[in-house]
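Just so you know, these numbers come straight off a predicted model, no measurement behind them. This chain uses plain numbering: 1 for the first residue, then up along the sequence.
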Amino acid sequence: MRLLSGCRRVLDGTAGAGGHARALAEAGAEVLAVDRDPRAVAAAAAATAGLSVRVVHCDFADAAAHPEVRAFQPDGVLLDLGLSSPQIDAAERGFTFRQGAALDMRMDAAGMTAADWLNSADESEIGDAFHQYGDERRARSLAREIVKRRQSRPFETSDDLVGAIRAVLGPRSGPPEFARLFQAVRIVVNGELERLERALPALFDLLEPGGVMAVIAYHSGEDRIVKHLFRDWARVCVCPPEQPVCNCARKAKAALLTRKSIVSAAEEIARNPRARSAHLRAVRKAAA
């Protein structure tokens, strides 16, 4: 990745299948990759065998407190917040809306599954999730339908959620609607936005002066968190707008390397349709 090309020690906070870690190592960086998914840890280790890459089982939200990460002293941090293709394609993981897939959606084996949440959350919580994370205008109706259906039969597979979606959005609803709404459930099950809000300041503090942090987001909620935090770090003055003279003496913590998010080129989307929703932002930490 061009934005991290000058970095010597890069923390890849979302190892996934190991593609980014491998590319960074082949470009000359020493890489420490972490992931909360044990299967991703194994896949990344296999993909980067023989390169200057270490892979550790750790959630990026907690990585700043991990001894190996702290000792690593990264001058580059990369977070690719999307799911890897193997995670999506493995039906037993429950990230897919393919017929008969279990409603799991957990990144690791801990905590509630998607089925647990759909079968126990109250109607307002479900409606809020579909509205906020799925941009669904009929979120309340969908939540009501789910609560009604689970009273006679608990949600267990993708078919159950797809059936509820089609009952509310109509029989012509398809993959675009399913993708949005399954993603909303996944965000809740894994606490993805809360983890991101916790991770970014902690990893930024760990970053060496002059180092680069780059984040690839795939959901508007994720991208909004990154955008606002990066802009706040880059602000010099926080005085009220009506105040004629600055007296806060604030120094910027970082410089924006991307004024607007960078989106995938058409040829990349043609190769990988899942890249169409990717938004990349980056900052450089101020020198000491």
Side-chain angles (χ1 to χ4, degrees), residues 13-17 35-40 43 59-62 79-122 125-136 139 142-143 145-146 150 154-166 168-169 173-199 215-226 272-279:
T14 45
D35 206 292
R36 70 185 293 195
D37 183 346
R39 298 192 198 186
D59 188 339
F60 76 81
D62 304 316
L79 299 178
D80 183 344
L81 303 175
L83 293 178
S84 66
S85 292
Q87 288 173 320
I88 296 172
D89 295 337
E92 72 277 9
R93 301 299 302 277
F95 295 117
T96 178
F97 46 79
R98 287 199 301 271
Q99 189 173 10
L103 284 170
D104 192 315
M105 302 195 193
R106 295 173 297 175
M107 293 292 187
D108 52 31
M112 67 177 177
T113 65
D116 292 335
W117 182 74
L118 289 166
N119 289 321
S120 63
D122 62 41
E125 182 183 351
I126 296 172
D128 287 345
F130 287 136
H131 174 68
Q132 294 173 17
Y133 309 142
D135 299 321
E136 178 51 55
L142 179 55
E145 179 70 18
I146 287 170
R150 77 189 188 191
F155 282 68
E156 295 177 349
T157 71
S158 57
D159 303 9
D160 299 322
L161 183 52
V162 165
I165 294 169
R166 281 188 164 149
V168 175
L169 272 60
S173 56
E177 291 78 22
F178 303 156
R180 279 192 296 107
L181 296 167
F182 272 65
Q183 177 181 249
V185 177
R186 190 200 81 214
I187 287 172
V188 173
V189 167
N190 293 289
E192 294 181 18
L193 300 189
E194 296 86 353
R195 290 168 53 244
L196 181 61
E197 289 177 327
R198 187 168 86 245
V215 182
I216 306 172
Y218 295 80
H219 179 266
S220 59
E222 293 172 337
D223 187 52
R224 193 177 303 114
I225 290 169
V226 177
N272 177 20
R274 291 168 181 160
R276 65 185 177 276
S277 56
H279 290 261

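One finds the OG atom of Ser277 at 9.0 Å from the CD atom of Glu222 (value rounded to the nearest 0.5 Å).
Side-chain contact between Trp117 and Leu103 is absent, with no heavy-atom pair separated by less than 4.5 Å. Counting only heavy atoms from C-beta outward, the side chains of Ile216 and Leu79 never approach each other to under 4.5 Å. At least one side-chain heavy atom of Glu136 sits less than 4.5 Å from a side-chain heavy atom of Arg180. The closest side-chain heavy-atom distance from Phe178 to Arg166 is below 4.5 Å.
Not a single side-chain hydrogen bond (donor to acceptor under 3.5 Å, both in side chains) links Arg150 to another residue, sequence neighbours left out. Every residue was checked against the side-chain hydrogen bond (donor to acceptor under 3.5 Å, both in side chains) condition with Arg224, not counting sequence neighbours, and none meets it. Remark: His279 pairs with Asp223, Ser261, Val263 by the side-chain contact (heavy atoms from CB on, under 4.5 Å) rule, at least two apart or across chains.
Judged purely by atom type and a 3.5 angstrom limit, Gln132 has no side-chain atom pairing as donor or acceptor with the backbone of Ala129. With hydrogens and angles disregarded, a donor-acceptor distance shorter than 3.5 Å links the side chain of Asp122 to the backbone of Glu125. Side-chain atoms of Ser120 come within 3.5 Å of backbone N or O of Asp116 as a donor-acceptor pair. For Glu177 (side chain) and Gly174 (main-chain N/O), a donor-acceptor pair under 3.5 Å exists by modelled atom type. Proximity of a side-chain donor or acceptor of Asn190 to a complementary backbone N or O of Glu192 within less than 3.5 Å is not detected. In terms of modelled atom types and a separation under 3.5 Å, the side chain of Arg106 and the main chain of Thr113 share no donor-acceptor contact. Side-chain atoms of Thr157 do not come within 3.5 Å of backbone N or O of Ala101 as any donor-acceptor pair. The main-chain N or O of Leu81 is never found under 3.5 Å from a side-chain atom of Thr14 such that the two would form a donor-acceptor pair.
Closest of all the heavy-atom pairs between Gly134 and Ala184 is N-CB, 3.8 Å. Summarising the geometry of Ala43 relative to Gly16, their closest heavy-atom pair is CB-O, 4.4 Å, with the distance given to 0.1 Å. Scanning both residues, Asp35 and Ala15, for their nearest heavy atoms gives OD2-N, 3.2 Å. A pairwise comparison of heavy atoms in Ala199 and Ala61 identifies CB-CA, 3.7 Å as the closest pair. Smallest separation of non-hydrogen atoms from Gly100 and Ser158: N-OG, 3.4 Å. Contact record, Val185 with Ala114: CG1-CB, 3.7 Å, taken as the closest heavy-atom pair.
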Yes or no on salt bridge (charged side-chain N to carboxylate O under 4.0 Å, His left out) for Arg36 and Asp62, after CA distance, side-chain angles and deciding distance? CA-CA 10 Å; Arg36 70 185 293 195; Asp62 304 316; over 6 Å; no

Run the numbers on Tyr133 and Asp128 for side-chain contact (heavy atoms from CB on, under 4.5 Å), then give the verdict. CA-CA 8 Å; Tyr133 309 142; Asp128 287 345; over 6 Å; no

Between Asp135 and Phe130, does a side-chain contact (heavy atoms from CB on, under 4.5 Å) hold up when you go through it step by step? CA-CA 7 Å; Asp135 299 321; Phe130 287 136; over 6 Å; no

Test side-chain contact (heavy atoms from CB on, under 4.5 Å) on Leu181 and Leu161 and set out the steps. CA-CA 9 Å; Leu181 296 167; Leu161 183 52; 5.8 Å; no

Could you go through Ile146 and Leu118, starting from their C-alpha distance and side-chain angles, then the distance that decides it, and tell me whether this counts as side-chain contact (heavy atoms from CB on, under 4.5 Å)? CA-CA 7 Å; Ile146 287 170; Leu118 289 166; 4.0 Å; yes

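Arg195 and Asp59 are joined by a salt bridge, as a carboxylate oxygen and a charged side-chain nitrogen come within less than 4.0 angstrom of each other.
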